[in-house]
J.: 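I am attaching a structure below and will ask some questions about it afterwards.
Throughout, a chain's letter reflects where its sequence line sits, starting with A, and its residues are numbered from 1.
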Number of protein chains: 2
Amino acid sequence: MTTMNRAAPPVPGRRSTKQRAAVANLLEQLDDFKSAQELHDELRKRGEGIGLTTVYRTLQSLSDAGEIDVLRTDTGEAIYRRCSAHHHHHLVCRHCGHTVEVEGPAVEKWTDRVASEHGFSQVSHTVEIFGSCADCIRR
Amino acid sequence: MTTMNRAAPPVPGRRSTKQRAAVANLLEQLDDFKSAQELHDELRKRGEGIGLTTVYRTLQSLSDAGEIDVLRTDTGEAIYRRCSAHHHHHLVCRHCGHTVEVEGPAVEKWTDRVASEHGFSQVSHTVEIFGSCADCIRR
DNA sequence: GGGGTAACGATAGTCATTCTACGTTTTCCG
DNA sequence: CGGAAAACGTAGAATGACTATCGTTACCCC
């Protein structure tokens, strides 16, 4: 088997660079969902030399790899966040972006049941809760 | 009270026109979520003289009035559909767009409970299920 | 440390959506 | 009815998020 001299895959998007580290690192520190542009601004502010294109590209590949979660604001803008590995949903403050990860086995079962009742397969679902967090209400 | 000589509100967006009727009418006939552009194309195809801007504006006001549902594809594009009045969610085929309205009291209760547990108020939620419908699987 | 190549990044698109400017219709009160 | 203002409708320009292009840079493996 001469074709298998290495285990490492030739999959693109894996070379480690300063820029990728910077993006991953920033996401690690943040707790709320941020847009690509916000992340880019923050990185520049911190003195990282990084282009907007690269930020988009990196976020794309991170989300493809399932390492970050993406969701859309009501204006259609994509926002990103480093999340825990297991399946979960979000409770997001629509004012400050403060995010809480939540789980609901009942919801998972419900979606599976509903989908199969209607003959749907290969099912995925989005469940996001938006509201005003206690802090924002106080103001 | 001279300031109240009329009860009718100065709220814009309520005048009945041929174009609005055409949009509302088309939505009435369709069963699946469509983008503004698709709706516009269809209207032109049917010989309705209507501009894209008007379609957008009409969809906007219809959705403000709660008469149609809006959701976003994973590319961020807004898609619209005439729906029943009561609260419900959607089971959408990601291939053909075929849509089924579904209800889940358990989900409603769950979201309310989770939100209040974390001190969130004024809560709304999105629950959409995407999958492949039986017809599309057969191919 | 050299070379092949993935990754970068400035710039120029693309695409959905919104704004602008202006002509047209509707409404409403006399 | 008549006439004026409010609301509409339209084409085209502008916006803003995101993506493709392509010459340059810098990783990584030898």
J.: Between Thr17(B) and Tyr80(B), who's closer to the 5' end of DNA chain C by nearest nucleotide?
T.: Tyr80(B)
J.: Taking only side-chain nitrogens and oxygens of Ser35(A), does any of them come within less than 4.0 Å of OP1 or OP2 of dA17(D)?
T.: no
J.: Do Val102(A) and Val107(A) sit in one hydrophobic cluster, given that two such residues count as connected whenever their side-chain heavy atoms are within less than 4.5 Å of each other, even indirectly?
T.: yes
J.: Rounded to the nearest angstrom, tell me the gap between atom CD1 in Ile79(B) and atom P in dC15(C).
T.: 19 Å
J.: Flag the pair His90(B) / Glu101(B) as yes when at least one side-chain heavy-atom distance between them is below 4.5 Å, and no otherwise.
T.: yes
J.: Over how many whole Å does the gap from Arg20(B) atom CZ to dT25(C) atom C1' extend?
T.: 13 Å
J.: Would you confirm whether Thr73(A), through its side chain, and Glu77(A), through its main-chain N or O, come within 3.5 Å as a donor-acceptor pair?
T.: yes
J.: Considering just the side-chain nitrogens and oxygens of Gln37(A), establish if one lies under 4.0 Å of OP1 or OP2 belonging to dG16(D).
T.: no
J.: Are Ile50(B) and Leu26(B) connected in the hydrophobic side-chain network, where two residues link if heavy atoms are under 4.5 Å apart?
T.: yes
J.: Considering only NZ, NE, NH1 and NH2 on the basic side and carboxylate oxygens on the acidic side, decide whether Asp74(B) and Arg72(A) come within less than 4.0 Å.
T.: no
J.: Gln19(A) side chain N/O closer than 4.0 Å to the phosphate oxygens (OP1, OP2) of dA7(C)?
T.: no
J.: Reckon Gln60(B) has a side-chain N or O less than 4.0 Å from the OP1 or OP2 of dT17(C)?
T.: no
J.: Check the distance between dT19(D)'s P and Glu77(B)'s CD and give it to me in whole angstrom.
T.: 14 Å
J.: Between the side chains of Asp135(B) and Arg138(B), is the shortest nitrogen-to-carboxylate-oxygen separation below 4.0 Å, so that they form an ion pair?
T.: yes
J.: Expressed as a whole number of angstroms, how long is the span from Lys18(B):NZ to dT26(C):P?
T.: 9 Å
J.: Which of residues 49-58 of chain A sit near DNA chain D, with a heavy atom under 4.0 Å from it?
T.: Thr53(A), Tyr56(A)
J.: Would you say Arg15(A) places a side-chain N or O within less than 4.0 Å of OP1 or OP2 belonging to dT5(C)?
T.: no
